[in-house]
Amino acid sequence: MRVALLGSGRGSNAEAVLRAQAEGRLGRAQVVGLWCDVPTCKMLELGPKYGVPARFLDTGPFKTKFAPEREQAWADDLQAAGVDLVVLAGFMRVIKAPLLEAFAGRIINLHPSLLPAFPGLDGIGQAWNAGVPASGCTVHWVNAEIDGGAHLGQSRVARAADDTLESFAQKVHAAEHALLPSVIARLSETLPR
Ligand code: GAR
């Protein structure tokens with residue numbers, strides 16, 4: 001199963017997936033490239049580090065969505081790379097028809113809350129400010145509804161009495177780093193070719 005990792009920032013989840021692959025924990029999945037929508041993002045540095053092609057691709061003038069013709073260009077690039085599964089690993093842009101149609105049933109997203117609670121931006125901060133006793137992370141299929149597709153896996157993270165927002169966020173990120181590779185490994189055994 002040929003996997004594309006899409007991201008916009010730090011890339012710690014992309015790195016968790018690449019580390020899992022290097023350690024033989026990614027099942028039959030193979031990361032074939034990193035695609036970033038921010039030219040300065042740290043995630044691009046993972047390409048040379050792990051020997052995987054990494055590229056910035058322009059998305060057009062908008063902040064949180066693609067220009068339609070640019071989204072088609074992304075779909076074409078991913079298809080040219082023979083990608084079977086698109087993984088949104090910290091990709092902060094809404095996916096619409098061109099990509100959804102090109103990869104129907106083949107795009108998954110990682111979100112830092114126990115969906116359906118706290119969708120959208122800053123899932124960790126939202127949960128923290130709401131004072132919930134626990135939050136966590138979710139991997140789900142991507143459809144036209146933001147953070148709305150069927151769940152593939154969740155990890156729960158309890159909020160300890162002495163947690164700060166920073167320590168709590170670190171725990172959620174650690175849970176993400178375990179959950180995302182495990183879901184990809186599972187899909188690599190079950191996703192029809
Ligand atoms: C992760 O916490 C991920 O769940 C979140 O962005 C972070 C990316 O971190 N994604 C979203 O909020 C998507 N709505 P990373 O760049 O270190 O992997």
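The first residue in the sequence is number 1, and the count goes up from there. Just follow the structure's listing: the first ligand is 1, and inside any ligand the first atom is 1. Keep in mind it's a predicted model, so treat the numbers as computed, not measured.
- Counting only heavy atoms from C-beta outward, the side chains of Leu44 and Leu34 never approach each other to under 4.5 Å.
- More than 12 heavy atoms of other shown residues, nucleotides or ligands fall within 6.0 angstrom of atom NZ in Lys171.
- Ring geometry for Trp74 against Phe66 counts as perpendicular: the plane angle is over 60°, on a 0 to 90° scale with 30° as the lower cut.
- Residue Tyr50 is tested with Glu45, Gln21, Glu15 for a side-chain hydrogen bond (donor to acceptor under 3.5 Å, both in side chains); the sole match is Glu15.
- Counting non-hydrogen atoms of neighbouring residues, nucleotides and ligands closer than 6.0 angstrom, the CZ atom of Arg28 reaches no more than 12 such neighbours.
- Protein neighbours of ligand 1 below 4.0 Å, counting non-hydrogen atoms: Arg10, Gly11, Ser12, Asn13, Gly90, Met92, Leu110, His111, Pro112, His173, Glu176.
- Interatomic distance, CD1 of Ile146 versus CG of Leu115, reported as 11.5 Å (0.5 Å rounding).
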